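These notes concern the structure reproduced below.
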Amino acid sequence: MARERTPVRDRHGAEATTDLLRAVLALAADLDLPSLLERFVQASTQMTGARYGAINILDERGASRTFVQSGVPDAVVAALAHPPHAIGVLGRIPDEGVLRLADLTQHPAFLGWPAGHPPMGPFLGSAVRVMGETYGYLYLADKDGGFDTDDEAVVTALAAAAAVAIQNAELYAIERRRERWLTAGQQITTLLLEGAEPEDVLAAVAASAREIDGADTAVLVLPGVGGELVMEIVDGHAADELLGLPMPPGARSIEVFASGVGDATPSSVQERHPLAPMRQFGPAMYVPLRSGQESLGVLILLRRKGARPFGPADLALSETFAAQAALAFVLAEARAGHERAGLADERARIARDLHDLAIQQLFGAGLQLEQARQDPGARALAPRVAELLDGAQRGLEASVRQIRATLRALDDVGVPPLVDRLRLEVAAAAPLFPTPPRLVVRLDGHVVDAAQSEQGDVERIDAACAARAEHVLAVAREGIANAARHARAREVVVRLDVTGGRVVVEVEDDGVGLPAVRDRASGTRNLAARADQSDGDFSLGPAPSGRGTLLRWAAPLG
């Protein structure tokens, strides 16, 4: 049985005022928005004696996005198609003041009841305004004897108190979200400084942003081939439909990337989006990933149609997080560059020490041995001692040759030959496959023994591929990684072919082939970008054997 309500006018004045003050204080003390809205509706019905009460929060088109009610059984609410919109009588409630009706069914704007809706007569409606803007509407219905001016006064007082309480609750929620954003930003920075893969860090950026901002989907739009902006990372709903889509001319993400100024858009903007998969969403927010004057990409947060729109606070907090993440990427790259420079300096120091100290000492020791062997008294030495002296002399000469070879590897920037670096990449991947990967190197049509590293051919390959060496290594690394992660391959072959003024890199596996549904594609897209930068070409398709995948990257020698 419904709880009996005693309206304010049926009590003594002091008691009624006390009850109203208690209700106001209870609203002010509640910082949880859903609980606050329920408390507001309950206080309004209890203090006016209304059988039914509700607060309706609408989106920018007048459709209900949050509806909290009291009095109608849950089973009846579930049977109704949707909460009421701002149409008919409900659309006539003024933004200032109240709408009081003896019988709402007699109003000219009454449109009838939805199927299953309980009949209602007396009605009192009021806008709830927060910071000068209409936040939602309070509906009260079915009071014995109808509503009067006392009820209007009660509702006006409660609405004013609720407005302040709602503002406080939203400010409290913003502060809590700000803490979560700061924590997420610190986690992203930590991942980068610990050396995590950039693609994994970007995926963490998208996942954190989607969770904290209550979005259904988070998209990272990043520069791809030729500077074209592409949806590289997608987390959440419709990821398979959005992943890899290029941004068409005039897209808002292109404007945000160029200007560095974020934007929150209503549902009506998404309905006209040039990309069809984007039209299934409602509110959207475009946040630049920018550090200083450098744009790294755009973070897009999407909610489904009918969801709460993104507000100024959402945009401000997201921009702070995105700027922190972008700065972390820039600093991590600078740190990596500093470490590379430090490594080069250390290798140069080691080379100098080997040359100035070790070789000179060994050379001096070799001269002493040579003098000992030439000394007239050496003829009197036993044959075994003479043999030991000869062996020591040969050992010293071999040590000097080995150190000089090491010096050549440490020379300049201290980078070993390309063939040796490829051999190390392939060898390092051995634990990832049942059969260790193989490396096949060809120079002008003949096979070079990569394991023995035939010095003349290795130096020719290194010199010819000097401008493409980093691309070659990146292609091999990405191809091996793809075979290990996705292909479930048993065997992998990496081929390097340098001939006719071109370098060709192939990675072939015997795995399950290309998936029907794409996962993240940023790695292979980066290889396509490398081919484009080198005036070359890139392809990824079935292996000639009919089983597995063949990755092929080719470019002219520069």
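Quantities reported herein were computed from a predicted structural model and do not represent experimental measurements. Side chains included, hydrogens not; waters and symmetry mates left out as well; all remaining heavy atoms used.
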Is it the case that the side chain of Gln280 and the backbone of Pro277 share a donor-acceptor pair, with hydrogens and angles ignored and the cut-off at 3.5 Å? yes

Can you list the steps and then say if Arg421 with Glu470 is a salt bridge (charged side-chain N to carboxylate O under 4.0 Å, His left out)? CA-CA 10 Å; Arg421 296 167 72 187; Glu470 296 305 321; 2.9 Å; yes

Ring-plane angle category for Trp553 and His471, please: parallel below 30°, perpendicular beyond 60°, tilted otherwise. tilted

Check this for me: does any side-chain nitrogen of one of Asp509 and Arg547 sit under 4.0 Å from a carboxylate oxygen of the other? no

What closest approach, in Å, do Ser318 and Leu301 show between heavy atoms, and which atom pair accounts for it? OG-CD1, 4.1 Å

Side-chain heavy atoms of Ile300 within contact of Arg252, under 4.5 Å: no

Should we say atom CZ of Arg442 is surrounded by more than 12 heavy atoms from elsewhere, each under 6.0 Å from it? no

With rounding to the nearest 0.5 Å, note down the distance linking CG in Leu90 to CG in Asn56. 7.5 Å

Ala209 to Phe321 - nearest heavy-atom pair and separation: CB-CE2, 4.3 Å

Out of Thr265, Asp314, Leu299, which residue meets the side chain to side chain contact (heavy atoms under 4.5 Å, CB included) rule with Met285? Asp314

If you count the non-hydrogen atoms of other residues, nucleotides and ligands that lie under 6.0 Å from CZ in Arg279, is the total more than 12? yes

Contact between Val441 and Val447 at the side-chain level, heavy atoms closer than 4.5 Å - yes or no? no

Would you say that Ile55 contacts Phe40 through its side chain, given a criterion of any heavy-atom pair below 4.5 Å between the two side chains? yes

Any idea which heavy atoms bring Ala555 and Arg468 closest together, and the distance? CB-NE, 4.1 Å

For Val504, does its backbone N or O pair with a side-chain atom of Asp497 as donor and acceptor, under 3.5 Å? no

Looking at every non-hydrogen atom in both residues, tell me the closest pair between Leu302 and Ala215 and how far apart they are. O-CB, 3.4 Å

Quick check: does any side chain N or O of Asp462 sit under 3.5 Å from a backbone N or O of Leu418, one acting as donor and the other as acceptor? yes

Value rounded to 0.5 Å, distance of OG1 in Thr217 from CG in Asp235: 8.0 Å

Minimum heavy-atom distance between Leu557 and Cys465, given as atom pair plus value: CD2-SG, 3.9 Å

Any side-chain heavy-atom pair of Pro544 and Leu550 under 4.5 Å: yes

For Arg290 and Ser295, run side-chain hydrogen bond (donor to acceptor under 3.5 Å, both in side chains): C-alpha distance rounded to whole Å, both residues' side-chain angles, the deciding distance at 0.1 Å, then the answer. CA-CA 4 Å; Arg290 193 176 182 91; Ser295 286; 2.3 Å; yes

Charged N to carboxylate O below 4.0 Å: is that the case for Arg438 and Glu508? no

Is the closest side-chain heavy-atom distance between Val230 and Leu222 below 4.5 Å? no

Looking only at the aromatic ring of each residue, does the gap between the centers of His273 and Phe281 stay below 6.0 angstrom? no

Do the side chain of Ser259 and the main chain of Val261 share a donor and acceptor less than 3.5 angstrom apart? yes

Criterion side chain to side chain contact (heavy atoms under 4.5 Å, CB included) against Leu443, the qualifying member of Leu496, Thr499, Val498, Val458: Val498

Using a cut-off of 6.0 Å, state whether more than 12 heavy atoms not belonging to Arg129 lie near its atom CZ. yes

Under a 4.0 Å threshold between the charged nitrogen and the carboxylate oxygen, would Arg210 count as salt-bridged to Asp216? no

Under 4.5 Å between any side-chain heavy atoms of Ile461 and Val503, yes or no? no

For Phe310 and Asp213, which heavy atoms make the closest approach, and how far apart are they? CE2-O, 4.2 Å

Can you tell me how far CG of Leu315 sits from CG of Asp263, rounded to the nearest 0.5 angstrom? 7.5 Å

